[in-house]
Amino acid sequence: MRPCFTLLATLAVATTAPAQAPPLRPAQPATPVLIKAGRLIDGRSDAPQAGVGILIEGDRIKAVGPLAQVQGQAKGARVIDLAQMTVLPGFIDTHTHLLLQGDPTAESYNEQLLYESTPYRAILAARNARIALEHGFTAIRDLETEGAMYADVDVKRAVDRGEIPGPRIFASTRAMAPTGMYPIVSDNWELELPHGVQPVDGVEGARLAVRQQVAHGADWIKFYADRRYYFGPAPDSVLHSWVNFTDDEARALVDEAHRLGRKVAAHAIGSDGIAAALRAGVNTIEHGDGMTDSLLDVLVAKGVYWVPTVTVAYYVAGPRGGAWGPMVEHQHRAFTRGLKKGVRIVLGTDVGGFPWTELNQAKEFEYYVQYGMTPMQAIKSGTSLAAELLGQRDLGVVAAGAYADLVAVAGDPLKDVAELSRVRFVMKGGVTYLSP
């Protein structure tokens, strides 16, 4: 939910390993693991289960069921006793920025792109990956590097190879906006400043940019559908915006991404930008403050996911001023209406827009409950529904065959959803990263 921009720098990595050496990965437990769960919220069911056993072999769940039954299959297993706790699937945040450390103002954004090198920002990103994991987020969709080129893919590879702890990362690399439509923009035309995105113009330019990003490891493609948000004069209460791309450019971008097997996320805040993104055929709308009833109906009809990023909306409203404060209330009302209409609302926080070290991403669950979700709906928005958005059937659920990505909290999050901000146990792929 930001203005943003680009630094050119690359990380050179020397290695003495053979070119064909297999990637390093966290060591898997040599013996099976049996988790005794006092309560289980499995990400699919509408009610918790009590007295559950979860048998894990390698990085997968082998069996889930009544403890007595699963214990019979767990001879020689190492036991993790969470009998006094609530076990859930690992959380999934579908809108993050590992390479950003908070940008409530243009100055805070510019300082990072002008005064921090890409290698330094990548070091902070590695720290942020660990913070996310320790907060219980075992998977994230990282929606662009904000001027740090393809460094999100480097962080992803370091996590996958076991060099650093972190969640499963679905990276979108640089994002896209037309020339002049994204920071940093200066009045001094003699300076070529860093870009927070990949500048893209024209139909062929859009297709080329998608190909370049996919070639450099993008799992998702992201573009900025709009900018400059404002409310129309009375009696118009709609949040409007300037649309960035022509319809032909946006359609070419989305079409090329889909042709190459990638889905597309659109930053779209005003109603005009949301409508343009939906015309282009995107898979997810990010932020969506300006949702109207007719646009919500299109989301339902087309099966498009909405990622509202409420936490960042509150964080930036004060410092940015202007329309940003009223935008929060507009989004609140739209969220409530969208929930009633059956819009698929998925948890995403835009962490990086607020500092990783300042707020726990799990605060987003609390906002969703305040906006009308039940605690169970909120949990599913950040587990099974988020996995559905990612197209990852093996994530977001506690079920036989799924990845052993688990968290546990001491209390009952169905009674107090704030418990999700107090994670006591984290396991990813059968490896324990946080113990009670």
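The first residue in the sequence is number 1, and the count goes up from there.
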Sorted by chain and number, sequence neighbours left out, salt bridge (charged side-chain N to carboxylate O under 4.0 Å, His left out) with Glu134 holds for Arg130
Between Glu388 and Tyr305: side-chain donor-acceptor atoms closer than 3.5 Å: yes
Do the ring centers of Tyr229 and Trp324 come within less than 6.0 Å of each other? yes
According to the interplanar angle, ranging from 0 to 90°, do the rings of Phe245 and Phe223 count as parallel (below 30°), tilted (30 to 60°) or perpendicular (above 60°)? perpendicular
Begin with the C-alpha distance, continue with both residues' side-chain angles, and end with the deciding distance and a verdict on side chain to side chain contact (heavy atoms under 4.5 Å, CB included) for Asp152 and Ile169. CA-CA 8 Å; Asp152 54 347; Ile169 298 171; 5.5 Å; no
Given side chains that start at C-beta, do those of Arg227 and Ile269 come closer than 4.5 Å, heavy atoms only? no
Should Leu420 and Pro413 count as side-chain neighbours, where that means a heavy-atom distance under 4.5 Å? yes
For residues 48-57, tabulate all N or O donor-acceptor pairs below 3.5 Å that involve a side-chain atom, not counting sequence neighbours.
residue, atom, partner, partner atom, Å
Gln49, NE2, Asp42, OD2, 3.2
Glu57, OE2, Lys62, NZ, 3.3

Arg168: partners by side chain to side chain contact (heavy atoms under 4.5 Å, CB included), with sequence neighbours left out: Ala139, Phe170, Leu395, Tyr403, Asp405, Lys428
Considering only residues two or more places apart or on different chains, which pairs with a residue in residues 380-399 satisfy ring pair (Phe, Tyr, Trp, His ring centres under 6.0 Å)? none
If you look only at pairs with a residue in residues 197-216, which of them pass as a ring pair (Phe, Tyr, Trp, His ring centres under 6.0 Å), with sequence neighbours excluded? Tyr150-His216
Distance in Å, Ser294 OG paired with Leu299 CG, rounded so as to fall on 0.5 Å steps: 10.5 Å
ring-ring contact (aromatic ring centres under 6.0 Å, His included) filter on Tyr368, not counting sequence neighbours, yields Phe335
Salt bridge between Lys340 and Asp293, side-chain N to carboxylate O under 4.0 Å? no
Electrostatic pair Asp219:Lys156 at N-O distance under 4.0 angstrom: yes
